[in-house]
Amino acid sequence: MRYAVLGGGKRIRPRLVYASGRLAGAPIGVLDHAAAAVEMIHAYSLIHDDLPAMDDDELRRGRPTVHVAFDEATAILAGDALQALAFETVCDGGVDAAVSLLWVRLLARAAGAEGMVGGQVLDLEGETRRLDAAELERLHRRKTGALLHAAVAMGVVAGNLPSAKADALDRFGREIGLAFQIHDDVLDATVATESLGKRQGADADRGKSTYVTVLGLETARQEADRRMTGALQELACFGTEAEELAELAKFIVLRRR
């Protein structure tokens, strides 16, 4: 479990929790629980995604994947335990019970059939046939976008914002979640394994539909920029107070790995 969580990574999801939470006026000590939990869910999803029955990857963040470093059974159990620990963490005694309940619902929806798991099913289906752009968007709004959106939402519900501003951040989270995956597909097609930290072109080698294979490289880049621009527009109502979130949105689409 420690190997998976503490072995590097960009920590984008926890950073979104903190940035949205600070904007919403939530106490930092409370946000610590949500930030840790969302990263645990992310780490669990990567462990299981890398398994031989799924994507069968041997490299993650420049290191052997969990089932390679240990063994397949240990990897499955480590992922299961991280998921359980995430829900325990958001129900810690230091968090208001009403906030904990909202967090549990957000995490469960993002991780389950309407989120990552449902997206993974669509992803597996995409190995046997070519998906169109609409199907690809539906897949990635679940598989990748749902947890990124939940990270923003967890920060928001821990604070106190007028409904109009909370709705703007909800739309921001949905757009930036999709922008992340589009840019991830671009990186997978253009960045070497040594820099990427995982095997370059792995999805294409498995015959999966990606934004690059469906739209073409340049159009995929333009679509990522368009989604980022849409996300940034949702922050306009906050003025300079949303600078931290805006910088994160730009990093998501400008990162090199």
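Excluded from the calculations below are hydrogen atoms, water molecules and symmetry mates; all remaining heavy atoms, backbone and side chain alike, are included. Keep in mind that what you see is a predicted model, and the values were worked out from it rather than measured.
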Whether the side chain of [X] engages the backbone of [Y] through a donor-acceptor N/O pair (distance < 3.5 Å, no angle test) should be reported.
X	Y	value
Thr89	Leu85	yes
Arg63	Tyr3	yes
Ser100	Val90	yes
Asp71	Ala73	yes
Arg130	Thr213	yes
Trp103	Met154	yes
Asp92	Val95	no
Arg11	Gly8	yes
Thr190	Val186	yes
Thr219	Gly216	no

Distance-minimising heavy-atom pair for [X] and [Y]:
X	Y	value
Val214	Ala133	CG1-N, 3.9 Å
Ala146	Ala110	O-CB, 3.6 Å
Glu137	Tyr211	CA-OH, 3.2 Å
Gln83	Tyr44	NE2-OH, 3.4 Å
Ala220	Ile182	O-CG2, 3.2 Å
Ala19	Leu245	CB-CD2, 3.6 Å

Run the side chain to side chain contact (heavy atoms under 4.5 Å, CB included) test on Leu232 and Met228 for me, step by step, so that the C-alpha distance in whole Å, both residues' side-chain angles and the decisive distance to 0.1 Å come before the verdict. CA-CA 6 Å; Leu232 292 174; Met228 179 191 70; 4.2 Å; yes

In terms of hydrophobic clustering (I, L, V, M, F, W, Y; side-chain heavy atoms under 4.5 Å; direct or indirect links), are [X] and [Y] co-clustered?
X	Y	answer
Val30	Leu101	no
Leu122	Leu148	no
Ile12	Leu46	no
Val156	Leu16	yes
Met40	Val17	yes

Are Arg227 and Phe180 in a cation-pi setup, meaning NZ or CZ lies under 6.0 angstrom from the ring centre and within 45 degrees of the ring axis?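 Judged by the rule, Arg227 and Phe180 form no cation-pi pair.
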
Measuring only between side-chain heavy atoms, which start at C-beta, is Leu147 closer than 4.5 Å to Leu107? yes

Please determine whether a side-chain nitrogen of the Lys or Arg among [X] and [Y] lies less than 4.0 Å from a carboxylate oxygen of the Asp or Glu.
X	Y	answer
Glu135	Arg138	no
Arg13	Glu39	no
Arg255	Asp184	yes

Approximate separation, where rounding is to 0.5 Å, of [X] [atom1] and [Y] [atom2]:
X	Y	atom1	atom2	answer
His67	Arg60	NE2	CZ	10.5 Å
Leu169	Lys165	CG	NZ	9.5 Å
Leu131	Leu136	CG	CG	6.0 Å
His48	Asp55	NE2	CG	13.0 Å
Phe251	Leu248	CZ	CG	8.0 Å
Met116	Ile41	CE	CD1	6.0 Å

[atom1] ([X]) with more than 12 external heavy atoms under 6.0 Å:
X	atom1	answer
Asp132	CG	yes
Arg109	CZ	no
Glu58	CD	no
Glu243	CD	no

Between Asp185 and His140, is the side chain to side chain contact (heavy atoms under 4.5 Å, CB included) condition met? List the steps. CA-CA 11 Å; Asp185 285 354; His140 288 305; 4.3 Å; yes

Run the side chain to side chain contact (heavy atoms under 4.5 Å, CB included) check on Glu244 and Leu23 step by step: do they pass? CA-CA 9 Å; Glu244 185 179 6; Leu23 191 56; over 6 Å; no

Can you confirm whether the side chains of His149 and Asp170 place a donor and an acceptor under 3.5 Å from each other?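 His149 vs Asp170: donor-acceptor pair found between side chains.
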
Apply the test salt bridge (charged side-chain N to carboxylate O under 4.0 Å, His left out) to residues Glu175 and Arg141: give CA-CA distance (whole Å), side-chain angles for both, the deciding distance (0.1 Å), then the verdict. CA-CA 9 Å; Glu175 286 302 288; Arg141 282 199 181 277; 3.2 Å; yes

Option among Val5, Ile76, Thr65, Leu82 that satisfies the side-chain contact (heavy atoms from CB on, under 4.5 Å) test with Ile47: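 Result for side-chain contact (heavy atoms from CB on, under 4.5 Å) with Ile47: Leu82.
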
